[in-house]
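Notes follow once the structure below has been shown.
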Amino acid sequence: MMNTLNTENPIEKPFRKTGDPVDLTSESPLHPRRKSRRIMVGPVPVGGGAPISVQSMTNTLTANVPATLQQIAELTAAGCDIVRVAVPSQDDADALPEICRKSPIPVIADIHFQSKYVFQAIDAGCAAVRVNPGNIRKFDEVGPDICKAATDAGISLRIGVNAGSLDKDLYAKYGGPTPEALVSSALKEAHMFEDVGFHDFKISVKHHDVITMVETYRLLASKGDWPLHLGVTEAGPAWQGTIKSCLAFGALLAEGIGDTIRVSLSAPPVEEVKVGCKLLEYMGLRPRKFDIISCPSCGRAQVDVIQLASAVTEGLRDVTAPIRVAVMGCIVNGPGEAREADLGVASGNGKGQIFIKGKVIKTVPEDQIVDTLLTIANDIAAQMEADGQVPVNSTGPVVVPIQHPGH
């Protein structure tokens, strides 16, 4: 009962696809990708060498259709490929048909406890359904029916194994949510699907601890060819969660493990997408987009580098052209170290040397540095857009607000 979804013809929905092959990178420069089978989430391929997709989850009340669609639009603009929505109530399930019909990216229904919502989500037109067999009532009984409904609809599923919902027998057997326990749970559920002929699913085995998470995914990756969804669950606030996610994803992606990711943050969902897209970009798994290079603050600096870099980043937050801007605090780390930047400044002695591709083009007073950089950067970006050099769905820089004492 393999997925009968016809991927040759375009899907007649307002989907924004992941991108053309020329716009995305499938192979890591660090390690060959693990060979996994391919499934489809709407028009987005996952696994089988497809570009790694970025996911997020709305935090609106799903039943509030306008608010949910507005947030999906914001996530799409930030570069999100697939969005998940929570379905804890009947009102949420009732809202799915309109959300799926109007969403610009594929919608995954996130379902726990109530298996009836799984069938409603499939009927509503969701591109996939995330189920956690560990907390779906009588899953052994309803699992085959879920697989048949998904096959008939031509959609995929995700098995989500979390440390917090681990089967109590496995918890007792392994003494807690160890990598072996989580993988054992995932294998049990995967075989349950495969025993009834269903193969169009991906697996996640999330844990909040970076080392446990990495060890778990390594172990699972060695057991079969299922596409894997990476996630550090309950990663924490933006700063902490970003570090955890980058460490865990970086380790696994550098080994070729992982087919789709979600950065889980206690922060607005758009921030998850920004971090996820940048992470893939810096791993060489997405083409370079807008980037800010700035040196650390040090005793050589004769300008407030932190404030200068923050002002330039903020001023260029809407630029989507793939330009690289360098903000350097002194001549030592100026045009030489940032010669690959499209545009930059080396500051000191109350002035700034503006350079393009490592060559100084003018010197301006310190109070004119930001305005000068912004003007030139926007000119470069406009020319790149006119020349067709801006990839589809490009996003601006990740902007981290800097709080200064007394402000």
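Model, not experiment: these values are computed from the prediction.
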Worksheet item: Any side-chain donor-acceptor pair under 3.5 Å between T233 and S264?
Response: no

Worksheet item: With the threshold set at 4.0 Å, does a side-chain nitrogen-carboxylate oxygen contact exist between K148 and D152?
Response: yes

Item to complete: Can you measure from CD (Q383) to CG (N378) and round to the nearest 0.5 angstrom?
Response: 13.0 Å

Worksheet item: Would you say I146 and F119 make side-chain contact, with heavy atoms under 4.5 Å?
Response: yes

Worksheet entry | Beyond-backbone contact of V83 with M57, side-chain heavy atoms, under 4.5 angstrom | no

Worksheet item: Are the side chains of S156 and M40 in touch, meaning some heavy atoms are under 4.5 Å apart?
Response: no

Worksheet item: Step by step, would you call I82 with I105 a side chain to side chain contact (heavy atoms under 4.5 Å, CB included)?
Response: CA-CA 6 Å; I82 301 169; I105 55 178; 6.0 Å; no

Discussion item. Under 4.0 Å between a side-chain nitrogen and a carboxylate oxygen: does that hold for R286 and D81?
Written reply: yes

Practice prompt. Please report the shortest heavy-atom distance between G79 and V273, naming the atom on each side.
Written response: C-CG1, 3.7 Å

Worksheet item: Where the side chain of S310 meets the backbone of I306, is there a donor-acceptor pair that is under 3.5 Å apart?
Response: no

Worksheet item: Backbone N or O of A181 within a donor-acceptor pair of the T178 side chain at under 3.5 Å?
Response: yes

Discussion item. What I'd like to find out is whether the side chain of T60 reaches to under 4.5 Å of the side chain of V85, using heavy atoms alone.
Written reply: no

Discussion item. Apply side chain to side chain contact (heavy atoms under 4.5 Å, CB included) to residues R37 and W226 and explain how you reach the verdict.
Written reply: CA-CA 6 Å; R37 63 180 179 235; W226 312 282; 3.0 Å; yes

Worksheet item: Is the shortest side-chain N to carboxylate O distance from R38 to D259 below 4.0 Å?
Response: no

Discussion item. Is there a side-chain contact between T151 and F198 in this structure, where contact means two heavy atoms from C-beta onward sitting under 4.5 Å apart?
Written reply: yes

Discussion item. For I122 versus A150, what's the shortest heavy-atom pair and its separation?
Written reply: CD1-N, 3.9 Å

Response to the item:
So CG of D291 and CD1 of I323: to nearest 0.5 Å the spacing works out to 10.0 Å

Discussion item. To check you understand the geometry: which heavy-atom pair defines the closest contact between G47 and S36, and what is its length?
Written reply: CA-OG, 3.4 Å

Practice prompt. Walk me through it: do L279 and V54 pass the test side chain to side chain contact (heavy atoms under 4.5 Å, CB included)?
Written response: CA-CA 10 Å; L279 189 154; V54 174; over 6 Å; no

Worksheet item: For S204 and R158, does a side-chain donor sit closer than 3.5 Å to a side-chain acceptor?
Response: yes

Worksheet item: Which pairs pass salt bridge (Lys or Arg N to Asp or Glu O under 4.0 Å) with one or both residues in residues 244-257, sequence neighbours excluded?
Response: R218-E255

Worksheet entry | Between CD1 on residue I203 and CG on residue L157, distance to nearest 0.5 Å | 11.5 Å

Worksheet item: Do R130 and H112 meet the criterion of a side-chain donor-acceptor pair at a distance under 3.5 Å?
Response: yes

Item to complete: Any chance you could lay out the salt bridge (charged side-chain N to carboxylate O under 4.0 Å, His left out) test for E74 and K274, step after step, and finish with the verdict?
Response: CA-CA 11 Å; E74 294 168 358; K274 289 180 179 179; over 6 Å; no

Item to complete: Would you check if H229 and I261 make a side-chain contact, meaning some heavy-atom pair closer than 4.5 Å?
Response: no

Discussion item. Could you report the tightest heavy-atom contact between P237 and L265, atom names first, then the distance?
Written reply: O-CD2, 4.4 Å

Worksheet item: How about Y117 and D92: does a side-chain donor come under 3.5 Å of a side-chain acceptor?
Response: no

Worksheet item: Just checking, any donor-acceptor pair under 3.5 angstrom between side chains of E189 and S185?
Response: yes

Worksheet item: Do any N or O atoms from the side chain of T260 and from the backbone of I52 form a donor-acceptor pair under 3.5 angstrom?
Response: no

Fill in: Side-chain ion pair, D342 and K357, N-O less than 4.0 Å
yes

Response to the item:
In this structure, CG of D145 is separated from OG of S115 (nearest 0.5 Å) by 9.0 Å

Worksheet item: Are side-chain heavy atoms of V325 and I293 found at a separation under 4.5 Å?
Response: no

Worksheet item: V232 versus F249: any side-chain heavy-atom pair under 4.5 Å?
Response: yes

Worksheet item: Between E271 and K278, is the closest basic N to carboxylate O distance under 4.0 Å?
Response: no

Worksheet item: Are any of the side-chain nitrogens in R262 or E272 under 4.0 Å away from the carboxylate oxygens of its partner?
Response: yes

Response to the item:
Note: L166 and P177 closest approach over all heavy atoms is CD2-CA, 3.8 Å

Worksheet item: Got a sec: does the CD1 of I211 have more than 12 other heavy atoms crowding it under 6.0 Å?
Response: no

Worksheet entry | Pairwise distance OG1(T372) to CD1(I354) - rounded to 0.5 angstrom | 5.5 Å

Item to complete: Grab the two heavy atoms, one from A128 and one from V41, that are nearest each other, plus how far apart they are.
Response: CB-CG1, 4.2 Å

Worksheet item: With distance as the sole test, does S184 use its side chain to make a donor-acceptor pair with the main-chain N or O of E180 at under 3.5 Å?
Response: no

Discussion item. Under a plain distance cut-off of 3.5 Å, with no hydrogens placed, do Q90 and D94 share a side-chain donor-acceptor pair?
Written reply: yes

Practice prompt. Take I108 and Q55 through the side chain to side chain contact (heavy atoms under 4.5 Å, CB included) test and state the conclusion after the steps.
Written response: CA-CA 10 Å; I108 297 178; Q55 301 188 26; 3.9 Å; yes

Item to complete: Look at the side chain of T242 and the backbone N and O of W239, then say whether any donor-acceptor pair between them is shorter than 3.5 Å.
Response: no

Response to the item:
Here the gap from I257 atom CD1 to R34 atom CZ, rounded to the nearest 0.5 Å, amounts to 7.0 Å

